[in-house]
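No hydrogens, no waters, no symmetry mates; every other heavy atom, side chains included, goes into these values.
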Amino acid sequence: MPPLTVVDLNEAVFWQPLPETRLFREESGRMAECVRDGDSWQVRRLISTDLRDYLNPGLQPGQTYHPQF
């Protein structure tokens with residue numbers, strides 16, 4: 001028997017807002033999609049044509065991102 005509620009079954013769970021995301025574009029052409037983590041940003045994904053950017057440990061997903069404008 002389904003639970004009796006006035007709320008739609010798809011909406012019966014607690015709603016959590018999505019984290020703030022931002023796309024940082026640098027002069028070198030590199031773009032980093034980041035997620036806000038408190039006062040800093042964490043890398044979610046990297047978009048670049050320079051293969052060395054993907055080998056840089058500071059630009060790996062989950063690392064703290066420091067924008068270089």
Side-chain angles (χ1 to χ4, degrees):
M1 177 177 206
L4 300 176
T5 178
V6 295
V7 179
D8 184 19
L9 290 176
N10 295 326
E11 298 177 11
V13 296
F14 292 106
W15 181 79
Q16 294 183 359
L18 295 173
E20 180 183 357
T21 61
R22 185 170 177 188
L23 189 64
F24 291 99
R25 183 178 308 217
E26 298 181 7
E27 291 180 9
S28 63
R30 172 184 2 171
M31 291 189 292
E33 181 181 314
C34 299
V35 178
R36 167 123 13 225
D37 182 33
D39 292 336
S40 62
W41 294 92
Q42 282 189 345
V43 176
R44 177 183 279 177
R45 70 179 176 148
L46 183 66
I47 303 167
S48 177
T49 57
D50 187 0
L51 297 177
R52 292 175 290 182
D53 290 338
Y54 295 99
L55 298 175
N56 185 345
L59 296 175
Q60 298 299 315
Q63 296 296 318
T64 302
Y65 183 72
H66 305 286
Q68 300 172 2
F69 295 107

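The closest donor-acceptor contact from the side chain of Y54 to the backbone of S48 lies under 3.5 Å.
Two residues are said to be in side-chain contact when any heavy atoms from C-beta on lie closer than 4.5 Å; T21 and R44 meet this criterion. Using a 4.5 Å cut-off on side-chain heavy atoms (C-beta onward), R30 and L46 make contact.
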Exercise for the section: Would you check, one step at a time, whether the test side chain to side chain contact (heavy atoms under 4.5 Å, CB included) holds for T64 with W41? Expected result: CA-CA 6 Å; T64 302; W41 294 92; over 6 Å; no
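Taking CD1 of I47 as the start and CG of D53 as the end, the distance is 11.5 Å to the nearest 0.5 Å. Between the CE atom of M31 and the CG atom of L23 there is a distance of 5.5 Å, given to the nearest 0.5 Å. Distance check, rounded to the nearest 0.5 Å: NE2 of H66 to SG of C34 gives 10.5 Å. Remark: S40 OG to Q63 CD distance equals 11.0 Å, nearest 0.5 Å.
Hydrophobic clustering (ILVMFWY, side-chain heavy atoms < 4.5 Å, transitive): L59 and L55 are in distinct clusters. Residues F24 and V35 are members of separate hydrophobic clusters, defined by side-chain heavy-atom contacts under 4.5 angstrom among Ile, Leu, Val, Met, Phe, Trp and Tyr.
Atom CZ of R36 has more than 12 heavy atoms from other residues, nucleotides or ligands within 6.0 Å.
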